Amino acid sequence: MARIRFKLGDKTKRLSVGALLIYLGIGVLFVCIFWQFSYLMIVKTLDDEDLVAHGQDKFSRSAEMEAERGQITDREGNVLASDMESYRLALITDSDYPNHVTDPEKAAETLAGVIDMEQKDIEARIKEGIEKEQFQVEFGREGRDLSYNQKKTLEESGTAGLVFVPETKRFYPNGDFASHLIGYAEESGGSDELSGQMGLERAYDDVLSGQDGTIDYTQDLWGYIVPNSDTVKPPQGGANMKLTIDSNIQLYLEDSLDTMEEHFEPEELFAVVADAESGEILASGQRPSFNPRTREGFGNSWLNMLYQYSFEPGSTFKVFGLAAAIAEGEYDPDATYESGSYDVNGHTIYDWQKEGWGNITYNQGMQYSSNALMMLLQDKVGEDKMLEYYRKFGFGEPTGSEFPNEPSGVLAWDNELQRKTTAFGQSSTVTPIQMIQGMTAILNGGKMKKPYVVDEITDPDTGEVIHDGKETVVRQVIPKEAADKTQEEINTFVGGSEDHNSQYLLDDYEVAGKSGTAQIIDPEGGGYMDGDYEFLTSFLGYAPEDDPEVIVYYGIKLASKNKSDTWDYGVMHGFNPLMERTLKYLEVEGADDGAGGEAVEVGDYTGQPLSEAEPAAEDTIQTIITGDGEEIVDHYPKNDTLLPYDTFFVKTDGEQLMPDLQGLSMREALMFGEFMGIDVSVEGEGFIQEQSVKPGTPIDEQTSLELTLSSNDPND
């Protein structure tokens with residue numbers, strides 16, 4: 001091989017061509033490497049891939065910080081819905097893992113004392129996990145939603161292998177409590193975030209949810225966080241919502257619905273309590289319902305009946321036609337007409353009592369709830385004008401409530417028959433919230449108030465009011481003079497001169513309102529259902545009648561048990577206790593307040609001598625005693641309050657004897673039957689005039705008592 005000679009000073013170096021090429025190659029390689037690094041440092045890409053981003057992806061981490069969902073409270077701040085941290089329990093069964101279960105039997109015994117699961121079932125599940133070489137086992141529904149105290153108890157037990165996975169759950173402390181109104185929120189769509197699925201939880205989901213936060217940081221090759229590399233964006237909690245609902249009144253309402261459901265087993269029930277002056281919804285409920293905490297009853301009904309239930313209201317709708325006729329000067333309470341039927345283009349439409357009541361006054365016709373009178377008044381007002389009034393009262397359009405997709409209802413006005421039947425609440429449809437809204441116009445001098453259920457929404461951090469629910473006048477529907485005269489007429493509909501609807505009379509308050517019995521569309525054959533007692537019964541009432549503070553609208557559809565009671569008593573069993581308890585709770589002055597006597601606090605006198613029962617000695621409290629002994633065995637009410645002229649029921653030891661019940665109201669008669677556990681049937685309305693079992697007769701739980709009532713109080 002040829003060599004190249006280099007001379008350096010006095011020394012001569014010989015270098016072969018091959019070695020030179022190797023040196024040159026190494027030099028070129030270093031130049032290329034240097035160029036490549038320089039290029040990467042300047043351009044920061046390789047094969048169109050952003051190397052900076054690639055590095056960041058490899059070593060950057062991001063964690064989500066979940067925002068707390070806003071609370072929902074009642075008007076007094078009592079929590080109705082809130083987030084709660086709970087835990088999901090698991091038990092590690094893999095023996096290769098340091099912390100694993102070592103004694104399945106002892107672990108099962110410990111867990112059974114905390115979660116709602118049998119010890120043998122827990123032990124079987126643990127052993128199955130061990131046999132199948134599973135890493136861990138869970139315990140289904142029973143192992144979820146554990147509280148902090150339950151977690152702490154298990155941790156302190158020293159059981160090996162325990163794992164607790166934190167979860168955020170929506171907590172509804174009151175269970176079945178205005179559940180369709182409040183709704184519920186849960187994890188959905190594979191996400192860990194709560195989202196509203198129904199009711200206010202859904203309608204205001206974006207407001208209640210808030211915004212999640214994040215924490216971004218960098219970690220090294222060994223997984224350690226690089227100091228000062230974290231960037232935190234804190235979560236923003238959801239807004240808090242305060243409702244107009246009063247928890248105490250809501251409890252009264254739920255109790256009344258339970259009573260009605262047990263007695264009638266109906267297809268549907270609804271009730272709503274509203275402030276007559278402001279339009280605030282104080283309570284609302286329905287059956288069927290569900291418990292948002294346990295999901296019991298879930299899926300039986302998706303409809304929020306207060307806002308989304310559209311139905312033919314029946315005779316309760318007549319108050320609005322009456323108001324229109326008074327406003328137009330076409331109603332004279334003393335004018336007369338022939339009741340019984342009315343001809344509509346060759347069709348005869350009858351009153352509910354086909355033969356009618358003869359030639360009677362307009363006021364008598366309203367008390368009897370005459371269909372013929374309503375059609376006559378509509379003709380006098382004029383159909384176009386009457387339609388205009390119905391629309392002014394808010395029918396045929398949504399109320400603009402807090403709930404989306406609120407139905408407008410339908411004013412059926414296409415033909416003469418529809419227009420005439422609308423006059424007495426058939427053919428056209430309404431929602432309960434529309435009926436409440438319309439009634440506020442009559443009770444507020446013609447000014448219609450918009451009902452609302454959201455009092456205010458506030459920012460959880462600043463307290464700033466985001467939404468302020470307040471009393472709103474929708475419009476002046478009728479003149480004040482017409483509204484006042486309409487109210488005067490409605491005040492005669494309960495226990496008036498014709499003794500109609502006297503079952504709705506209360507002992508301590510003057511109640512007014514209008515009952516309704518509406519036919520129901522047959523979902524299978526079309527037309528109306530024609531079986532016995534197949535209708536929707538309702539009552540739209542208010543109290544006190546001269547200065548209304550509360551409106552209660554109560555309805556029941558298709559009872560399957562005690563059907564005839566819906567005709568004889570309407571919704572009295574639900575409406576009366578709800579209205580009375582609400583008025584007393586709100587400390588509304590009653591009809592007899594100030595007439596002498598004070599409210600009496602009742603304790604528990606069980607086992608004491610009769611002489612020690614304080615209410616028995618009060619002049620304004622009527623005491624009904626059964627038993628010929630001197631020691632009190634039971635009494636009603638207990639640990640409660642008796643107002644002047646209430647009745648105090650006492651059972652003493654010894655033989656039980658029938659007391660004299662003459663003069664008691666229907667409500668008190670039914671209360672007596674429930675207190676004694678005997679079967680009571682009632683005929684008529686008003687106050688007890690006759691009883692089938694004479695006073696002094698021995699009685700027991702097999703006794704059946706028949707009572708005859710009259711509108712005249714024999715005690716007067």
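The structure presented is a predicted model; accordingly, all values stated were derived computationally and were not measured.
For the pair Asp634 and Lys638, the salt-bridge criterion is met [side-chain N within less than 4.0 Å of a carboxylate O]. A salt bridge between Asp83 and Arg170 is present, with a side-chain N of the basic residue lying under 4.0 Å from a carboxylate O of the acidic one. A salt bridge links Glu254 to Arg287: one of the charged nitrogens lies within less than 4.0 Å of a carboxylate oxygen. No salt bridge links Lys470 with Asp455; every basic N to acidic carboxylate O contact stays at or beyond 4.0 Å. Salt bridge present: Glu201 and Arg69 bring a charged side-chain N and a carboxylate O closer than 4.0 Å. Remark: Asp508 engages Lys584 in a salt bridge, criterion side-chain N to carboxylate O under 4.0 Å.
Of all the heavy atoms in Leu705 and Gln691, the pair that sits closest is CD1-CB, 4.1 Å. Here the closest non-hydrogen pair linking Glu402 and Val454 is OE2-N, 3.1 Å. Scanning both residues, Val511 and Glu545, for their nearest heavy atoms gives O-OE1, 4.0 Å. Of all non-hydrogen atoms in Ile442 and Gln487, the two that sit nearest each other are O-OE1, 3.9 Å.
Under the 3.5 Å distance criterion, with hydrogens and angles disregarded, no donor-acceptor pair is assigned to the side chains of Ser681 and Glu706. Under 3.5 Å, the side chains of Asn501 and Ser515 contain a donor-acceptor pair of N or O atoms. Counting only N and O atoms by type, the side chains of Asp74 and Ser247 include a donor and acceptor under 3.5 Å apart. Glu268 and Tyr309 are linked by a side-chain donor-acceptor pair at a separation below 3.5 angstrom, with hydrogens and angles left out of the test. Counted by atom type alone, Ser369 and Lys514 present one or more donor-acceptor pairs between their side chains at under 3.5 Å.
Each of Tyr553, Phe575, Tyr554 was evaluated against Phe270; a single residue qualifies, Tyr553, per the ring pair (Phe, Tyr, Trp, His ring centres under 6.0 Å) test.
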* Verdict with reasoning, Leu253 to Leu251, per side-chain contact (heavy atoms from CB on, under 4.5 Å) -> CA-CA 5 Å; Leu253 183 143; Leu251 285 173; over 6 Å; no
* Take Thr517 and Thr537, measure what side chain to side chain donor-acceptor pair (under 3.5 Å) needs, and give me the verdict at the end. => CA-CA 5 Å; Thr517 304; Thr537 303; 4.7 Å; no
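A ring-centre distance under 6.0 Å is not found for Tyr172 and Tyr184. A distance below 6.0 Å separates the ring centres of Phe648 and His635.
Between the side chain of Thr652 and the backbone N or O of Gly629, at least one donor-acceptor pair lies under 3.5 Å. Lys449 contributes no side-chain N or O that, together with a main-chain N or O of Glu280, makes up a donor-acceptor pair within less than 3.5 Å.
Ring orientation note: the planes of Tyr252 and Tyr585 are nearly perpendicular, at an angle over 60° on the 30°/60° scale. Ring geometry for His180 versus Phe290: interplanar angle over 60°, hence perpendicular rather than tilted (30 to 60°).
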